[in-house]
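Note that the structure is a prediction, hence the values are computed from the model and not measured. A, B, ... follow the sequence lines: proteins, then strands. Residue 1 opens every chain.
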Number of protein chains: 2
Amino acid sequence: MAYDLNKFFKAISDPNRVKIMELLKDKELNVSEICQHFDMQQPSVSHHLSVLKNADIVSSAKRGKEVYYRLDSICITNCCNGFQEQFVEIEKLK
Amino acid sequence: MAYDLNKFFKAISDPNRVKIMELLKDKELNVSEICQHFDMQQPSVSHHLSVLKNADIVSSAKRGKEVYYRLDSICITNCCNGFQEQFVEIEKLK
DNA sequence: TTTATACATAGGAATGTATCTATATAATAT
DNA sequence: ATATTATATAGATACATTCCTATGTATAAA
């Protein structure tokens, strides 16, 4: 089944989720580490992580008790480029 | 004041609004013409247009009784590129 | 094998969003 | 002036989303 661009944009149109993505920009973090950067409770962070994961923006790996999340930057590139190409003439995209 | 990327992504994370953008891809249309492509009532279309306009994704011009809308593709390019650059190393963006 | 820790899931309250109908406003035609 | 047409706005309702607390599950430690 095709990737749902709408799901991607819904996922990134929340400031807390974008902040999570920024935290994961160049390092993996587990849920507790992510929580330390927010006032939200842990289940709320887990919810945002599940939205991001469901859109393939992050992936996760369990190691011991912790679950580590990482950013999938290829997905961001593909979605942003794909969306642009839907609306902007290719030659305008330098 | 700085442009609100979150407002842009909220605006484009609705399939009806994306469809409006597609309709406006290479021609201006007035509200009635846009309405013909939807099952929604005219006030709902007006609402979606106002969300798009508020995010600077479309602009409008009144001519006689009609209001014509057009796509602002520069905004799309800037937002998509800006967002990517926030998360993806520049050199990875070919 | 009980206890503690890390995380996810369930359920509910508050808030936001999409859509409708009804109505207001603005431009044009009669 | 009045009626008609195009669009926007207001208000109501249904639905979606965010956040919370409470609880379940899996792993590790005691």
Students often get this wrong, so: under 4.0 angstrom with heavy atoms, is A/K10 touching a base, only sugar-phosphate, or nothing? sugar-phosphate

What's A/R17 touching, base or sugar-phosphate or nothing? Going by heavy atoms closer than 4.0 Å. sugar-phosphate

Would B/I12 end up clustered with B/F83 when hydrophobic side chains under 4.5 Å apart are linked, directly or stepwise?
-> yes

Over how many whole Å does the gap from [X] atom [atom1] to [N] atom [atom2] extend?
| X | N | atom1 | atom2 | result |
| --- | --- | --- | --- | --- |
| B/K65 | C/dA27 | NZ | C1' | 7 Å |
| A/R63 | D/dA28 | CZ | P | 13 Å |
| B/F9 | C/dT17 | CZ | C1' | 19 Å |
| B/N6 | D/dT18 | CG | P | 10 Å |
| A/K7 | D/dT17 | NZ | P | 12 Å |
| A/L52 | C/dA8 | CG | C1' | 15 Å |
| A/L49 | C/dA6 | CG | P | 16 Å |

Could you walk me through whether B/M21 and B/I76 pass side-chain contact (heavy atoms from CB on, under 4.5 Å), step by step?
CA-CA 10 Å; B/M21 292 168 68; B/I76 300 172; 3.7 Å; yes

Item checked: Candidate pair B/N81 and A/Q84, rule side-chain contact (heavy atoms from CB on, under 4.5 Å), full reasoning -> CA-CA 9 Å; B/N81 288 343; A/Q84 274 190 80; 2.9 Å; yes

Per nearest nucleotide of DNA chain D, the residue lying toward the 5' end, A/D14 or A/K62, is A/D14

DNA chain D nearest-nucleotide lookup for A/G64 and A/V51: closer to the 5′ end is A/V51

- Test side-chain hydrogen bond (donor to acceptor under 3.5 Å, both in side chains) applied to B/S46 and B/Q42, step by step: CA-CA 6 Å; B/S46 272; B/Q42 172 267 319; 3.1 Å; yes

- Query: Heavy-atom distance under 4.5 Å between the side chains of A/C75 and A/Y3, does that happen here?
  - Reply: yes

| request: Any chance you could lay out the side-chain contact (heavy atoms from CB on, under 4.5 Å) test for A/E22 and B/F87, step after step, and finish with the verdict? | output: CA-CA 7 Å; A/E22 283 164 349; B/F87 296 106; 3.5 Å; yes

Does A/H47 put a side-chain nitrogen or oxygen below 4.0 Å from OP1 or OP2 of D/dT18? yes

Looking at C/dA6, I'd like to know if its phosphate oxygens (OP1 or OP2) sit under 4.0 Å from a side-chain N or O belonging to A/Y69.
no

B/H48 has its side chain closest, among D/dT7, C/dT28, C/dT19, to C/dT19

The correct set of residues in residues 32-46 of chain B placing a heavy atom under 4.0 Å from DNA chain D is B/S32, B/Q42, B/P43, B/S46

Between A/K27 and A/E33 (salt bridge meaning N to carboxylate O under 4.0 Å), is one present in this structure?
no

